[in-house]
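Bear in mind that the values here come from a model prediction, so they are computed numbers and not experimental data. The chain is numbered in sequence order, starting from 1.
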Amino acid sequence: MGQCVSKCKNPTSSLGSKSGDKESGSKSHHKKGSSAGGGGGHKEEPSAPCSKATSELSNGTKALEVTVETPVIPSVMGELRKDECLDGDGLSMLRIDELFCCYKDEHEDAILEEGMERFCNDLCVDPAEFRVLVLAWKFQAATMCKFTRKEFVEGCKAIQADSLEGICSRFQCMLLDAQGEENFKDLYRFTFQFGLDAEEGQRSLQREIAIALWRLVFTQDMPAILEHWLDFLAENPSGIRGISRDTWNMFLNFTQAIGPDLSNYSEDEAWPSLFDTFVEWELERRKKEEEQALMAKEEEGRCTETECSPTTDRLETEGSRGSQTWGGH
């Protein structure tokens with residue numbers, strides 16, 4: 001496994017086909033050169049290149065003259081592997097398949113949690129960061145911490161990358177792509193499905209996972225109300241068992257339609273009941289904050305008056321003493 005990861009870190013040399021053909025070609029020519037040397041009685045120099053050895057073989061006993069004059073034959077330097085075909089976008093399907101095999105599980109034809117960690121490590125990204133979520137969205141992954149072979153291959157084709165370097169170079173473009181209104185809406189809805197445990201047949205997100213995914217998906221453009229919404233969810237665990245798909249989808253509409261002051265929110269509209277509870281909770285929280293701020297300001301004013309009074313009296317006393325002193329002179 002360790003060798004496979006190291007190999008994938010340099011896909012331009014290891015996932016291609018030329019290096020393998022070079023080795024097999026050089027071995028076969030070396031062997032032929034040895035037999036030629038034995039038959040002709042000539043002692044072959046160690047530094048002679050493969051092209052010279054081939055020329056010696058083809059020219060029999062006149063090897064010495066030929067090795068000096070014969071040019072290097074390009075074909076011996078290696079050829080593209082016949083099984084490495086490129087698609088219409090110039091991508092190597094063989095390289096994509098080899099890259100997938102570097103991280104796939106030993107018993108299942110998919111990249112699972114351990115392989116995903118190594119994959120992210122080789123991409124120099126944190127598995128929990130926004131770029132990985134966007135990559136999973138581009139790959140249309142059905143489950144968190146898992147890429148099937150089909151998802152991986154089709155995903156690499158979608159972003160037009162067949163190597164680690166290629167995937168890394170696409171991140172900036174993918175992040176910009178996710179900022180589009182319709183694309184972000186698609187990413188947002190994908191995130192809900194991505195967070196579900198398909199094996200357990202979940203239909204709603206666990207509260208803790210929903211909070212983490214909300215914070216993650218809004219990485220590039222965080223709504224003003226988001227932190228208060230997440231605080232509400234965290235502080236009311238008993239009343240919130242899970243987040244349904246409808247609640248998840250409607251929250252995006254909520255952030256776009258309702259202002260930060262919540263003044264245009266109406267319970268008469270078709271919002272989930274959880275939103276009614278949140279707005280009531282949030283307005284009460286803000287009312288308490290305002291009251292506390294007012295009390296703190298009044299307390300500060302009283303403290304200022306208390307601190308300033310002795311000072312004023314002292315200055316007046318010192319002023320009268322000074323007048324008496326100067327008057328005496």
Side-chain angles (χ1 to χ4, degrees), residues 126 128-131 133 175 178-179 181 184-185 187-189 191-192 194-195 204-324:
D126 189 318
E129 72 174 85
F130 181 65
R131 285 185 294 178
L133 175 63
L175 293 178
Q179 292 180 356
E181 184 177 351
F184 179 75
K185 184 177 180 180
L187 169 63
Y188 181 83
R189 295 194 171 189
T191 303
F192 177 86
F194 186 62
S204 61
L205 289 175
Q206 296 179 11
R207 184 174 54 89
E208 296 81 2
I209 293 179
I211 290 174
L213 290 178
W214 257 314
R215 186 169 279 115
L216 182 64
V217 76
F218 282 115
T219 295
Q220 295 193 114
D221 187 12
M222 184 175 292
I225 199 66
L226 179 64
E227 286 301 327
H228 300 303
W229 167 251
L230 299 182
D231 289 342
F232 163 73
L233 297 178
E235 294 179 18
N236 296 273
S238 59
I240 304 171
R241 296 182 179 180
I243 302 299
S244 67
R245 186 185 300 273
D246 181 58
T247 299
W248 176 274
N249 290 341
M250 290 296 287
F251 181 72
L252 179 60
N253 298 339
F254 181 89
T255 63
Q256 296 170 343
I258 306 302
D261 60 357
L262 304 176
S263 60
N264 59 335
Y265 181 83
S266 174
E267 295 182 0
D268 297 331
E269 297 181 14
W271 295 110
S273 59
L274 185 61
F275 289 11
D276 296 339
T277 307
F278 163 65
V279 171
E280 182 180 350
W281 177 88
E282 175 62 11
L283 292 177
E284 183 65 25
R285 185 192 66 80
R286 294 183 183 185
K287 182 179 179 181
K288 290 181 179 179
E289 278 191 353
E290 291 174 359
E291 292 175 352
Q292 291 174 357
L294 182 59
M295 291 174 61
K297 189 175 182 179
E298 291 176 352
E299 184 67 24
E300 182 180 355
R302 286 195 295 268
C303 291
T304 303
E305 291 177 1
T306 304
E307 291 173 357
C308 290
S309 295
T311 305
T312 304
D313 295 341
R314 181 172 55 81
L315 290 175
E316 290 178 352
T317 304
E318 291 178 352
S320 62
R321 289 178 181 175
S323 300
Q324 292 175 3

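- Considering CG of Leu230 and CZ of Arg207, their distance stands at 11.0 Å, rounded to 0.5 Å.
- With sequence neighbours left out, the salt bridge (charged side-chain N to carboxylate O under 4.0 Å, His left out) criterion links Glu280 to no other residue.
- For CD of Glu181, the number of neighbouring non-hydrogen atoms (other residues, nucleotides, ligands) closer than 6.0 Å is 12 at most.
- Residue Phe192 comes nearest to Ile243 through the heavy atom pair CE1-O, 3.4 Å, listed as atom of the first residue, atom of the second, then distance.
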Taking only distance into account, with no hydrogens and no angle test, what donor-acceptor pairs under 3.5 Å do side-chain atoms of residues 209-224 form with protein atoms, sequence neighbours excluded?
residue: Trp214; atom: NE1; partner: Tyr188; partner atom: OH; Å: 2.8
residue: Arg215; atom: NH2; partner: Glu227; partner atom: OE1; Å: 3.2
residue: Thr219; atom: OG1; partner: Leu216; partner atom: O; Å: 2.4
residue: Gln220; atom: OE1; partner: Gln179; partner atom: NE2; Å: 3.3
residue: Gln220; atom: NE2; partner: Leu175; partner atom: O; Å: 3.3

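- Rounded to the nearest 0.5 angstrom, Ser204 OG and Trp248 CH2 are separated by 12.5 Å.
- Phe278 has its side chain out of reach of Asn236: every pair of non-hydrogen atoms, C-beta onward, lies at least 4.5 Å apart.
- For Asn249 against Arg189, the heavy-atom pair with the smallest separation is OD1-CG, 3.6 Å.
- Using a distance-only test at 3.5 Å, with no hydrogens or angles considered, a donor-acceptor pair links the side chain of Asn264 to the main chain of Ala257.
- Trp281 and Glu235 make their closest contact through CZ2-OE1, 3.3 Å (heavy atoms, listed as atom of the first residue, atom of the second, distance).
- In terms of heavy atoms, Pro272 sits closest to Thr247 at CB-OG1, 4.2 Å.
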Applying side chain to side chain contact (heavy atoms under 4.5 Å, CB included), run through Phe194 and Leu187 and close with a yes or a no.
-> CA-CA 10 Å; Phe194 186 62; Leu187 169 63; over 6 Å; no
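- Qualifying side chain to side chain contact (heavy atoms under 4.5 Å, CB included) partners for Leu262, counting only residues two or more places apart in sequence or in other chains: Ile225, Phe254, Ile258, Val279, Glu282, Leu283, Arg286.
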Can Thr191 and Leu133 be said to form a side chain to side chain contact (heavy atoms under 4.5 Å, CB included), step by step?
-> CA-CA 8 Å; Thr191 303; Leu133 175 63; 3.8 Å; yes
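- Side-chain contact check for Ile240 versus Leu274: some heavy-atom pair is nearer than 4.5 Å.
- We find the NZ-CD distance between Lys297 and Gln292 to be 16.0 Å, quoted to the nearest 0.5 Å.
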